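Written out below as structure tokens is the structure these notes cover.
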Amino acid sequence: MLLVSQIREDFQRCLKGLEKRNFPNAETTLNKVLDLDRARKDTQTQRDKIQAESNSLSRQIGGLMKEGKREEANAIKEKTSEIKGQIKDLEEDYNQIEISLRELLYTIPNIPHSSVKAGKSAEDNEIILEKGGKPVLGASKLPHWELIKKYDIIDFDLGAKITGAGFPVYKGKGARLQRALINFFLDEALAEGYMEVQPPILVNEDSGYGTGQLPDKEGQMYHANEDNLYLIPTAEVPITNLYRDMILSEEDFPIKNVGYTPCFRREAGSWGAHVRGLNRLHQFDKVEIVQITHPDRSYEVLEDMSSYVQGILEKLELPYRVLRLCGGDTGFTSALTYDMEVYSAAQERWLEVSSVSNFETYQANRLKLRFRGEDKKSQLAHSLNGSALALPRIVASILENNQTEDGIKMPKVLIPYLGFDIIN
RNA sequence: AGAGAGGUGGCCGAGUGGUUUAAGGCGCACGCCUGGAAAGCGUGUUGGCGGCAACGCCUCGAGGGUUCGAAUCCCUUCCUCUCUGCCA
């Protein structure tokens with residue numbers, strides 16, 4: 001969430017930023033934050049004053065009791081009982097104000113970076129780069145949902161039987177392709193200096209709040225009721241939360257983690273056209289990169305992460321483009337997001353395969369993720385993450401783009417991982 | 001899952017209702033001393049919030065409660081260890 005100090009000291013920038021996102025009633029909302037914060041301070045000042053008085057009286061009673069001056073002590077006791085009610089009232093006021101303030105802040109998204117253009121939807125995103133030629137396929141080209149049946153490598157019906165729609169079963173060379181991609185992505189990240197982690201794929205409520213999935217996207221996560229745990233929608237959640245409630249030292253930077261996990265998304269209400277086959281699933285595999293950085297370096301790091309992801313796409317020989325998301329399409333918690341899309345030649349569509357974002361202090365504030373700099377003072381770090389990469393749409397485009405009459409040719413870079421070079 | 005024991009600052013560790021306003025030690029930082037170092041001595045050392053400041057409030061796993069006053073008593077909850085059970 002945003003810092004109140006950000007809103008107070010940089011009101012105009014916050015306001016303009018929210019307007020870029022088409023956030024309704026931005027000015028009223030920001031002013032309400034400032035009002036609540038002022039009320040919070042006033043109430044605290046009053047509460048502290050009375051609390052101090054009460055503490056002092058209690059200490060006096062302690063002293064008198066020790067000296068055996070029971071009557072004097074009892075006289076003071078009466079005074080303190082009066083104050084007690086006042087403290088309780090002020091305490092309740094304070095808590096109420098704090099809750100209202102926090103709940104209000106939860107509803108306000110991150111302020112977009114200055115390079116982010118105003119816009120309402122995906123149509124307003126800027127294409128900043130396009131690379132690789134689109135393959136030309138013959139008239140017999142098939143979309144991936146046909147190809148997977150033809151070669152019997154991914155089975156949606158079986159998945160539906162044992163679990164439900166959107167939970168495919170990968171079989172034979174399909175399963176091996178998954179495993180190869182995961183290993184390839186992890187090895188690439190290791191070579192880039194990321195440390196591999198294997199986090200739990202269920203997380204508690206605190207972690208959900210830490211990275212901002214809660215309360216914003218409650219309905220999008222599967223919830224294990226009995227134990228109040230959430231299935232992760234992305235490895236961003238457990239990996240970033242590793243650093244929750246921490247004060248790092250500056251030498252710890254840069255923190256670079258990579259992890260492979262399955263991801264689970266309920267995708268409530270988002271089914272329809274364009275989501276056939278692998279385009280949208282309830283369970284999918286993803287390798288995620290996360291960095292925690294010094295605020296001065298986070299945008300440099302964002303560019304590094306973006307070009308790193310582009311490098312993988314080039315190695316896989318997939319045509320791709322990079323978008324800078326507009327205000328309206330940028331995720332709630334992000335200040336700047338690049339989306340990478342690969343071209344899927346049979347569907348003749350661009351498919352999003354990665355999203356690389358800088359959250360600045362938005363997550364760090366909730367996470368209480370700080371570091372101590374040269375001046376020994378603690379300040380919030382910046383957090384970033386990106387998919388590197390999400391598997392299903394990569395698989396879709398590999399299958400579609402590389403189909404030939406003899407079968408589906410595998411990208412060269414994967415052959416050592418696969419142990420075969422064609423699916424036929 | 002059952003029984004028992006625990007959770008105190010960067011770390012170890014004392015602490016069963018009132019100078020604990022968290023002892024003592026280790027570590028770390030700074031200063032004195034020294035030719036330099038070690039030792040010794042001194043000072044400082046959780047985090048958050050409020051206040052121009054002096055200073056104040058909160059913080060002993062977390063959340064409630066009892067009390068004029070809680071690290072200490074009560075309730076709830078999370079976690080760790082030991083034993084038993086179950087199990088890849």
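Protein chains get the first letters and strands the later ones, always in sequence-line order, with residue 1 at the start of each. Worth saying up front: this structure is predicted, and the values here are computed from it rather than measured.
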## Note on the structure
A/D206 CG to B/rU77 P, in whole Å, measures 17 Å

### Task
Could you give the distance separating B/rG9 and B/rA14 at their C1' atoms, to the nearest angstrom?
14 Å

### Pi-cation contact, A/F420 with A/K173 (under 6.0 Å, within 45°)
yes

#### Entry: Residue closer to the 5' end of RNA chain B, A/G62 versus A/K77 (nearest nucleotide)
A/G62

### Message
Base, sugar-phosphate or nothing for A/T80? Non-hydrogen atoms, less than 4.0 Å.
### Response
sugar-phosphate

#### Entry: Whole angstrom value for the distance that separates C1' of B/rG10 from CD of A/E251
15 Å

### Query
Within a strict 4.5 Å, meaning less than it, do heavy atoms of the A/L316 and A/V342 side chains meet?
no

### Query
Within this structure, what is the CG-to-P distance between A/L229 and B/rC78, rounded to whole angstrom?
11 Å

### Pi-cation contact, A/Y338 with A/R324 (under 6.0 Å, within 45°)
no

### Task
Please measure how far the P atom in B/rC52 lies from the corresponding atom in B/rU16, and state the result in whole Å.
42 Å

### Message
I need the CZ-P distance between A/R8 and B/rC49, as an integer number of Å.
### Response
11 Å

#### Entry: Euclidean distance for P, B/rC79 against B/rC26 (whole angstrom)
36 Å

### Query
When rounded to the nearest Å, what value does the distance between P atoms of B/rU8 and B/rG56 take?
28 Å

### Query
For the pair made of CG in A/L57 and C1' in B/rU67, what is the distance, rounded to whole Å?
15 Å

### Query
Which value, in whole Å, describes the distance between the P atoms of nucleotides B/rC57 and B/rU21?
12 Å

### Protein-nucleotide distance (A/K368, atom NZ; B/rC49, atom C1'), rounded to Å
12 Å

### Task
Specify the residues of residues 38-54 of chain A, ordered by number, for which at least one heavy atom lies under 4.0 angstrom from an atom of RNA chain B.
A/R40, A/K41, A/Q44, A/T45, A/R47, A/D48, A/Q51, A/A52

#### Entry: Distance between C1' atoms of B/rG51 and B/rC41 (Å, rounded)
37 Å

### Message
Quick check on side-chain contact (heavy atoms from CB on, under 4.5 Å): which of A/R393, A/E400, A/M340 does A/L351 satisfy it with?
### Response
A/R393

Table of protein N/O atoms under 3.5 Å from nucleotides 60-66 of chain B N/O atoms:
none

### Query
Is there a donor-acceptor pair closer than 3.5 Å between any side-chain N or O of A/Q220 and the backbone N or O of A/R265?
no

### Query
Within the side chain of A/S306, is there an N or O that forms a donor-acceptor pair under 3.5 Å with the backbone of A/L302?
no

### Message
Less than 4.0 angstrom between a side-chain N/O of A/N55 and OP1 or OP2 of B/rC57, yes or no?
### Response
yes

### Query
Excluding sequence neighbours, so at least two apart, what forms side-chain contact (heavy atoms from CB on, under 4.5 Å) with A/I422?
A/D406, A/K409, A/N424

### Query
Quick one: is A/R372 getting a side-chain N or O under 4.0 Å of the B/rG47 phosphate, OP1 or OP2?
yes

### Query
Can you name the side chain to side chain donor-acceptor pair (under 3.5 Å) partners of A/T361, sequence neighbours left out?
none

### Query
In whole Å, what is the span from the CG atom of A/D252 to the P atom of B/rG10?
16 Å

### Query
In dot-bracket, 5' to 3', how would RNA chain B read with Watson-Crick or G-U wobble pairs under 3.5 Å, [ ] for crossing ones and | for pairs to another strand?
((((((((.[[[..)..(.....]]]((((((.......)))))).((((....))))..[[[[[..)....]]]]])))))))....

### Message
Categorize A/I61 for me: base, sugar-phosphate, or nothing, with a 4.0 angstrom heavy-atom threshold over every strand shown.
### Response
base

### Query
Toward the 5' end of RNA chain B, which comes first, A/S56 or A/D37, by nearest nucleotide?
A/D37

### Task
Without swapping roles, check the side chain of A/D216 against the backbone of A/G212 for a donor-acceptor pair under 3.5 Å.
no

### Task
Would you please confirm or rule out a distance under 4.0 Å between OP1 or OP2 of B/rG47 and any side-chain N or O of A/R370?
no

#### Entry: A/T211 and A/F359, any side-chain heavy atoms less than 4.5 Å apart
no

### Query
Does the gap between the ring centers of A/F264 and A/H282 come in under 6.0 Å?
no

#### Entry: Interatomic distance at P, B/rU43 relative to B/rG35, whole Å
25 Å

### Task
Name the orientation class of the two ring planes belonging to A/F167 and A/Y222 (parallel below 30°, tilted from 30 to 60°, perpendicular beyond 60°).
tilted

### Query
Whole-Å distance between B/rU67 C1' and A/E78 CD?
16 Å

### Query
Does A/A388 have any side-chain contact (heavy atoms from CB on, under 4.5 Å) partners at least two apart in sequence or in another chain, and if so, which?
A/I289, A/Y308, A/V309, A/I312

### Query
Expressed in whole Å, how much space separates the P atoms belonging to B/rU66 and B/rA70?
11 Å

